[in-house]
Amino acid sequence: MTRRTTPDTASGLIASLTPEPATGRTIAARRRIVVKVGSSLLVDKASGALNTDWLAALAEDIKVLSRGGREMLVVSSGAIALGRGVLKLQYGHLKLEEAQASAAVGQVALARAWAESLQREGLTAAQILLTLGDTEERRRYLNARATLTSLLRMKAVPVVNENDTVATSEIRYGDNDRLAARVAAMIGADCLVLLSDVDGLYTAPPADNPDARRIDHVSAITPEIEAMAGTAGSDLSRGGMKTKIEAGKIATAAGAAMVIASGHLMHPLAAIDAGEACTWFDPQATPARARKSWIAGHLEPKGSITVDAGAVTALKSGKSLLPAGVTGITGRFARGDAVVIVGADGAEVGRGLSAYDCDEAERIAGRRSDEIEAILGYSGRAAMVHRDDLVMRE
Ligand code: GLU
């Protein structure tokens, strides 16, 4: 692997960290940043060993951004690549059970590497292994989202990978580009950085097109942009440019800017902000607006929650809906389903995702949040509909 040495520190990032982030085309201008790291960067193809120096430099970049008030989350590949080395499986296509076994072995090493590298920078790593249902099924989606946002609040750095040991082809993301985009969308990140062995999107796959030009900036992913992506990934990682563009569609629609950049540099995040070659994709909304339009426009409400006048006032002032203000429940809904919130006169006040299923909602309606545990037998969320999951009618 060729590694240039500039920038040799994370200092470029420090310079571009302003107290109030703006929205320029730099990572430091963002608030909540997902960094996806490809297998070919972390694991040396020939030896199967971990590139520890590179990981240390990346961890330093993450530290600088984190100290500057940015919330940092990592999606790291490399479990299968590390594990197959330990198990001495040849390069080339692995059977599903070999990939799963490799992931089981490699994920331990991968998590340890991240924990140690981040710890050296004074940061706490938190391992999260996701399966497809965690971002696609709303009940589990709310759980995964709540855990990730709690970790960010506690200033830990979530290190996410797919739970490859149990994922089969029908129930897997399959590549970490799209997994990272789903995670970015789920937590309302405003930036997704895809670090891999390519330094951006080219007008055609550069391996077979010597005239291909790299594009610096993509304002929207049009069919022409999609057509520029080839199909192939490297044999260590699953994603090629095609999955990166698909990731871009998910992330930018959810309000995150995306950058595709080469990780073949020490301090790859500092390098992007220092102006190294990369491709930036503009977000198509803000994360908050994208989430609200998803809740208001794309979900079929499964029931309704009637609330009293005090709750309507509280909701209008931006508060969450607490069980105390709920006077009635109709319809059959599960936790995470969309519900309509109506006032005493039956008029719609807003829509949101319910933190309880309809039976539980019925039982805690009208009660104080500190009574929830005694009523349900477990301590659930204080709000029936959290304000982040709520859209008020204009
Ligand atoms: N989850 C896989 C791993 O950790 C990588 C998937 C990908 O390369 O996109 O090995």
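If you're wondering where the values come from, they're calculated on a predicted model, not measured in any experiment.
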Ignoring hydrogens and angles, write down the donor-acceptor pairs under 3.5 Å from the side chains of residues 119-126, residues two or more places apart or on other chains.
residue	atom	partner	partner atom	Å
E121	OE1	K63	NZ	2.9

Show me the donor-acceptor pairs within less than 3.5 Å that the side chains of residues 310-317 make with the rest of the protein, sequence neighbours left out.
residue	atom	partner	partner atom	Å
T313	OG1	A309	O	3.0
S317	OG	A314	O	2.9

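Sorted by first and then second residue, the pairs that involve residues 124-171 and meet ring-ring contact (aromatic ring centres under 6.0 Å, His included), not counting sequence neighbours, are Y141-W294. Sorted by first and then second residue, the salt bridge (charged side-chain N to carboxylate O under 4.0 Å, His left out) pairs with a member in residues 320-349 read R138-D337, R332-D359, E348-R351, E348-R393; sequence neighbours excluded. Applying the ring-ring contact (aromatic ring centres under 6.0 Å, His included) rule to pairs touching residues 175-198 yields nothing, sequence neighbours excluded. Pairs engaging residues 246-268 under the salt bridge (charged side-chain N to carboxylate O under 4.0 Å, His left out) rule: R178-E246, E226-K249, K242-E246 [sequence neighbours left out]. Legend: salt bridge (charged side-chain N to carboxylate O under 4.0 Å, His left out) pairs involving residues 278-289, not counting sequence neighbours: none detected.
Side-chain contacts under 4.5 Å among hydrophobic residues (ILVMFWY), followed directly or transitively, place M154 with no other residue at all.
In this structure, R32 and T149 have side chains that are in contact, with non-hydrogen atoms separated by less than 4.5 Å. Counting heavy atoms from C-beta on, the side chains of L192 and I250 never come closer than 4.5 Å. Residues R25 and D216 have side chains not in contact (no heavy-atom distance under 4.5 Å, counting atoms from C-beta outward). Looking only at side-chain heavy atoms (C-beta outward), E60 and H267 come within less than 4.5 Å of each other.
E360 is linked by a side chain to side chain contact (heavy atoms under 4.5 Å, CB included) to Y356, D357, L376, Y378, counting only residues two or more places apart in sequence or in another chain. Residues forming a side chain to side chain contact (heavy atoms under 4.5 Å, CB included) with A382 (at least two apart in sequence, or on another chain): S369. S304 is linked by a side chain to side chain contact (heavy atoms under 4.5 Å, CB included) to T330, V340, counting only residues two or more places apart in sequence or in another chain. Evaluation of the side chain to side chain contact (heavy atoms under 4.5 Å, CB included) rule for I128 yields L130, T147, L148, L151, P158, V160 as partners, not counting sequence neighbours.
Side-chain N or O atoms of D61 include one that pairs as donor or acceptor with a backbone N or O of L269 at under 3.5 Å.
For the residue pair I27 and I33, the shortest heavy atom distance occurs at O-CD1, 3.6 Å. Here the shortest heavy-atom pairing between L195 and P268 reads CD1-CG, 3.8 Å. The nearest pair of heavy atoms linking L94 to S102 is CD1-OG, 3.9 Å.
Residues R145 and D389 are paired through a salt bridge, judged by an N-O separation under 4.0 Å between the basic side chain and the carboxylate.
Side chains of H386 and R381: a donor-acceptor N/O pair is absent below 3.5 angstrom, by distance only.
Atom CD1 of I245 is separated from atom CE of M228 by 9.0 Å, given to the nearest 0.5 angstrom.
R387 CZ: 12 or fewer foreign heavy atoms inside a 6.0 Å radius.
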